[in-house]
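Data first, discussion second: the structure below is written as structure tokens.
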Amino acid sequence: MSNIRETLEVKISTALSSVAELPDSKANVIIASRSEFGDYQANGIMSVAKQLKSNPRELAQQVVEQLGHDPLIDHYEVAGPGFINIHLSNSWLEQRSKELQNSIQSLIPQVAEPQTIVVDYSSPNLAKEMHVGHLRGTIIGDSLVRVLEALGHKVIRQNHVGDWGTQFGMLIAYLQSLSTDHDIQSTQLADLEVFYRAAKARFDTDPDFAATARACVVKLQAGDTQILAIWEQFIEESLHHCGAIYEKLNIKIQPSDLRAESFYNNRLQGIIDDLNDKNLVTVSDGAKCVFLDQFKGKDGNPLPVIVQKSDGGFLYATTDLAAIQFRGVELGAERVLYVVDARQSLHFQQIFAVAHEAGFVKETCKLEHIAYGTMMGKDGRPFKTRSGDTIKLVDLLDEASRRAFVLVSDKNPDLDNALRQKIAETVGIGAVKYADLSKNRTSDYIFDWDSMLSFEGNTAPYLLYAYARIKSILRKQEDTSVSSSNIIITDNAERALIIKLLQLPEVLQSVAKDYLPSHLSTYLYELAGIFMRFYEACPILKAEPPIKHSRLLLAEITANTLKEGLHLLGLETLEQM
RNA sequence: GCGCCCGUAGCUCAACCGGAUAGAGCAUCGGCCUUCUAAGCCGAGGGUUGCAGGUUCAAGUCCUGCCGGGCGUACCA
């Protein structure tokens, strides 16, 4: 029994179905909306009463009688127009929470049927350095992966980096034009953003260079060994940049998770052939297209999914189709999640539809676009530098650590420099990640240094502080007999804390169901708040045993839960701040 | 034009898929440190949930129509 809400839902639904003589009646149990309504409430009685044309309060009363005694429940209450308010039993809470003393693993529910889930996230374009546009997908994707894995799914990460296409011709030609010396080339690539801009400028102003660049693309696609070698060098350098970012961000994606666009090159023609065989291809204006009825363009004209350009070139839709097939067939995906910017939603609707139409994956394989909004500056416009350039991710992360260092030094100047630096890094990076994860991913998100690095409100610093504070208390306890003691509820603050702790499973299931890490961050923020209230109301070290021991256990379980929750979001904790 | 997303306190965001009096934080104002980290806690003010209808015992949530915003919409990704 790991999920209280679900347990109650089953119990009360069964009783309701039996009393109402309507199978599959739903009790619709949720956490009580106000504390005076108990711990949980059942909302489903009224709609069933409506169907039965009976009095909802009387029906609720009958359901309560049918439920009888239960160790989990202290008492039920019929309230309002026909709610059942549910009050959990203190002794059950005490017993259940004691089971968490050695490990909180039982708060992480395991799925009954583990699935193979492919998650496509981060996926930067290697032509440029990672910029702020890659931040959300990388962070959100990483957290979802952690949660899905924790629940027992087999998760396969796929970093679908862009390593192919016309701009690489330009970059290769530019690199070649500078020097053929390998070391000098490496130096030139140290700042990819600058390099890209210089190449682009030359491309736009120098016709001869532009011609060379186009020739490079052709040679690259034809497999010219010399050009390929330069391309590989470029990719290697660019991946090195990405790796540095992932390390700073503490992202779990590995080099082995890389499956670059070029990986699919030799499968693209096969995709076209397959579509052809299934009579899905129409040639329109020289381009090979798939037209599906559900997609209409301007003036109601059919909207194509172009899979091969009129010049014979393939597009990202073709690559994505090849990737879907690979994931479904060779990786055995039962679900494929694309953690990608919301602006690409039409693209994904189209290729998902084409993939299913063409039978590239089984009918049962679920393809889902986990869309997220655009990152905005404080002015509500897309987040850019003052001069209008995109902001490099590495610069943003360095600034986060720098700002955090100033704050940490201000709050705790006595700590030695190296320790402050370490704290600043964890706080700074944590702040950037948490600010994003704590908001609903679907809406646009306003990036604001001051609010994310604030130590007040729903922020990483607040949560990390709460954790460090608990650890500080635990370090001060010398009594070793704690583990054998019981948890005893003597105050409402203790009770509220226990209930909150036991609600972690419900939250994790909700994160996995809706792909919303923000549900977890909200939970952690509330947990920290409830702990702080407990901390204010209930002295721990100054209490006498066995209450002292009980409170120490609660503090320890809370710390472990915060740590685990933050870990699932991708945040590291600090023992000291 | 059509499609998708969005509109909640001055600002940033919630609201567990239709439930009881719409909640937090910031900012503003007022309390609490000889007491486990005050990076904290407690309290106050602040709302016609863009507008108008509809469905329902019950609507921020579902349906319709407006208004306002963002994004997308045939050979970029």
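The structure presented is a predicted model; accordingly, all values stated were derived computationally and were not measured. To find a chain, count down the sequence lines: A is the first, B the second, and so on, and within it residues start at 1.
- Shown here are the side chain to side chain donor-acceptor pair (under 3.5 Å) partners of A:Ser262, two or more places apart in sequence or in another chain: A:Asp163.
- Counting only residues at least two apart or on different chains, the side-chain hydrogen bond (donor to acceptor under 3.5 Å, both in side chains) pairs with a member in residues 54-63 of chain A are A:Gln61-A:Glu65.
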Letter by letter from the 5' end, nucleotides 39-45 of chain B scores (B base, S sugar-phosphate only, - none; protein heavy atoms under 4.0 Å) BSSS---
Identify the pairs formed between an N or O of the protein and an N or O of nucleotides 60-62 of chain B at a distance under 3.5 Å, and give each distance.
none

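- Taking a pair as Watson-Crick or G-U wobble with both distances under 3.5 Å, RNA chain B forms stems of 3 or more consecutive pairs at B:1-5 with B:69-73, B:10-13 with B:23-26, B:28-32 with B:40-44, B:50-54 with B:62-66.
- Among residues two or more places apart in sequence or in another chain, the side chain to side chain contact (heavy atoms under 4.5 Å, CB included) test is passed with A:Ser443 by A:Asn440.
- For A:Ser401, there are no side chain to side chain donor-acceptor pair (under 3.5 Å) partners, not counting sequence neighbours.
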Just by protein heavy atoms under 4.0 Å, how would nucleotides 5-15 of chain B read 5' to 3' in B, S and -?
-> -------SSSS
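- Applying the ring pair (Phe, Tyr, Trp, His ring centres under 6.0 Å) test to pairs two or more places apart or on separate chains, those with a residue in residues 434-461 of chain A are A:Phe383-A:Phe447, A:Phe447-A:Trp449.
- Not a single donor-acceptor pair, N or O on each side, falls under 3.5 Å between the base of B:rC26 and the side chain of A:Asp450.
- In this structure, A:Asn43 reaches the bases: a heavy-atom distance under 4.0 Å links it to at least one base atom across the strands shown.
- Judged as a ring pair (Phe, Tyr, Trp, His ring centres under 6.0 Å), and not counting sequence neighbours, the contacts of A:Phe263 are A:Phe326.
- RNA chain B lies under 4.0 Å from at least one heavy atom of each of the following residues of residues 301-317 of chain A: A:Leu303, A:Pro304, A:Ile306, A:Lys309, A:Ser310, A:Leu315, A:Tyr316.
- Counting only residues at least two apart or in different chains, ring pair (Phe, Tyr, Trp, His ring centres under 6.0 Å) contacts with residues 297-316 of chain A comprise A:Tyr316-A:His347.
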